[in-house]
Amino acid sequence: MPFLRFLSLIVLAWLPLFATAQRKPAAQPTPAKGQRIELLPGTNELIGGTFNGVEIRKLIGNVSFRQGTTLLYCDSAYQYTDKNALEAFSNVRIIQNDTITITGDRATYDGDTRKARMIGNVTMRDPRMTLTTKLLDYDLTNNLAYYSTGGHIVDPENTLDSQYGYYNTTSKIFSFKRNVKVLTKDNTIDTDTLQYNTVSKVAYFYGPTHLTDKQNQTLYAENGVHNTITGKSVFQKNAKVETPNYLLTGDKLVYDQATKYGVATGHVSMTSKKDNVVIRGDVGRYWRLLGRVKVYGAPVMRNISGKDTLYLAADTLISQEGKAPLNSAGVIYAFPKTKIFRTDLQGRCDSLTYNRLDSIIYLNKRPILWSNKNQLTADSMEIRQRKGKVDQMRLYANSFIIGQDTLLNFNQVKGRRMIAYFQNNSIKKVDVLGNAESLYYALEGDTAVSGMNKALSATMVLRFAESKLQTISFLTNPDASFIPPHELKPEDEKLKDFSWRPTERPTRRAVLGRHFAVPVKAKPKARPKSKTKTKAATKASSKSKAKPSVTPATPAKTTAPKPPIRK
């Protein structure tokens, strides 16, 4: 009995489901009809009849209709008797809620779907804007207007043109597509996809966009926001600001048009078009009125001149735009922890100024430079360039040059000031001005030391050939001596304040950093070897291990140059 009772309960529970399965699908509900379109009194003439097989009422003169809060006026109309629809002709005007007014030459209106189509010389007005187009569809239920034949929008601040457009009369937001152009009091915006809030006057763009001001400055991005009232913009995705002389790019760009100030972040790059100068970093600040760009985040400058490329790195790099006619080329400032790299020149200093007009680089606070096997130090320096190559180096206060010969001896020159002259990126002559001292080793065939030349003089001139010392001229109060090898003492081998610092010499990779890093190529995968070749290689390797052989290296022969001439 308990089992039968349990079984009966299960059957009763499933009966409604079986019954539902046996029923036929319910018929779809018919769409609800809208409120009937009401003809208002005042029409001059009403003619009923059948036209083209359709029963209508033909209305002529001062025609007006109403449906809820929507009013329609025209010179003449066809009102369909079998459906809630009409056609209006000549001086057609639709008014919704006393706020939206649409005018045109001709209109169709469906009272059930509450959709209107206005054709010919269409104008749509609300308190915030005026839209003109050739054809406009308007959904009165959802408050959406749409055009696809080109539209022109005017509000108190801006004008907008596009091929396609949607307007939500509730949110007051326009959506534009294709050939979009916005004209503000300060800018012209060209884009493909844009949204515009007619209340806040803020434009949102979602495709390649150019914003050009009256000073011929262009801001570009593929996604962003622009406030047409305040002039503030937030650009993302390939953002850039470009002038006739400069180009600043970044992953994100925030720009204030009122103050002409912008901040770029993420993969920042500043290009000076006239000078082949590029600065890259993580953050860039741009002052348009000052013509200044400041770059942080491991910034690196690249300056290409002919076949030589100069790289400059520091904690902060500033590019100051030049002003004609005094300095149209501008200036680069680097500080602190400045490093420079060129194939023929490397260096460090605390701060640096690069005047691109006369190609002079000023190095401050005890700089150090390396040129081939020569190390140059002083309290401050100048690098003077000509046609993209080093022409002179001027060393001021506590000047010191150290060079290594083939036997790794240290040749040394020091003085109050020095001027080093270069030719084909090699030292040709050095003028030592004030308290000049020199220490040079004389070699025999670059393989043995024949002695040391040591001299003091008020002024001194050193001449080189192929980066090797050829002559030393003592011009004022000379005191020179030659020390044979057996008489050399450790204290004779170094001038006072000698400091050899090769570990501080910047490498190419250390200066270029991550912003100019060369992508590493993946190594090709090795092909699998056949079993026969593998066995042969194993046998060969075992034989080589059993009988190792070593070939001693033979030193190359060298010829001895003439020893320095003392005058």
message: Is there a side chain to side chain donor-acceptor pair (under 3.5 Å) between N179 and Q163? Walk through the geometry before answering.
response: CA-CA 6 Å; N179 301 326; Q163 182 64 34; 4.8 Å; no
- prompt: Partners of E437 by side-chain hydrogen bond (donor to acceptor under 3.5 Å, both in side chains), sequence neighbours excluded?
  reply: none
Side chains of [X] and [Y] in contact at under 4.5 Å (non-hydrogen atoms):
| X | Y | result |
| --- | --- | --- |
| T476 | F474 | no |
| M393 | M418 | no |
| T243 | N216 | no |
| D155 | R128 | no |
| F205 | E222 | no |
| L395 | D379 | no |
| L345 | V390 | yes |

message: Which residues pass the ring pair (Phe, Tyr, Trp, His ring centres under 6.0 Å) test with Y311, not counting sequence neighbours?
response: F516
query: Among all residues two or more places apart in sequence or in another chain, which pass the ring pair (Phe, Tyr, Trp, His ring centres under 6.0 Å) test with Y196?
result: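 By the ring pair (Phe, Tyr, Trp, His ring centres under 6.0 Å) rule, Y196 matches no residue at all.
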Distance check, rounded to the nearest 0.5 Å: [X] atom [atom1] versus [Y] atom [atom2]?
| X | Y | atom1 | atom2 | answer |
| --- | --- | --- | --- | --- |
| R501 | R348 | CZ | CZ | 9.0 Å |
| I360 | D358 | CD1 | CG | 3.5 Å |
| L469 | S438 | CG | OG | 8.0 Å |
| I340 | C349 | CD1 | SG | 7.0 Å |
| D251 | T265 | CG | OG1 | 7.0 Å |

- request: Sorted by first residue and then second, give each ring pair (Phe, Tyr, Trp, His ring centres under 6.0 Å) pair with at least one member in residues 258-278; sequence neighbours left out.
  value: Y261-W287
Ring pair (Phe, Tyr, Trp, His ring centres under 6.0 Å) contacts touching residues 349-403 (sequence neighbours left out): none
Mind checking what makes salt bridge (charged side-chain N to carboxylate O under 4.0 Å, His left out) contact with [X], not counting sequence neighbours?
| X | answer |
| --- | --- |
| R288 | D213 |
| R342 | D344 |
| E493 | none |
| K172 | D126 |

- prompt: Does NZ or CZ of K429 fall inside the cone over Y421's six-membered ring, less than 6.0 Å from its centre and within 45° of the axis?
  reply: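 Yes, a cation-pi geometry.
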May I ask you to say whether [X] pairs ionically with [Y], meaning some side-chain N is under 4.0 Å from a carboxylate O?
| X | Y | answer |
| --- | --- | --- |
| K240 | E242 | no |
| D308 | K389 | no |
| D192 | R178 | no |
| K181 | D190 | yes |

Going by side-chain contact (heavy atoms from CB on, under 4.5 Å), name the residues that satisfy it together with [X], two or more places apart in sequence or in a different chain.
| X | value |
| --- | --- |
| S272 | Y246, D275, V277, R356 |
| T507 | R509, A510 |
| T218 | H210, T212 |

task: Considering non-hydrogen atoms only, spot the tightest contact between K201 and P156 and give its length.
output: NZ-CD, 4.2 Å
query: Is there a donor in the side chain of Y167 and an acceptor in the side chain of S175, or the other way round, less than 3.5 Å apart?
result: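 No - no donor-acceptor pair under 3.5 Å links their side chains.
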task: Would you sort out whether R463 and Q470 count as a side chain to side chain donor-acceptor pair (under 3.5 Å), showing the intermediate values?
output: CA-CA 6 Å; R463 300 182 186 277; Q470 295 297 304; over 6 Å; no
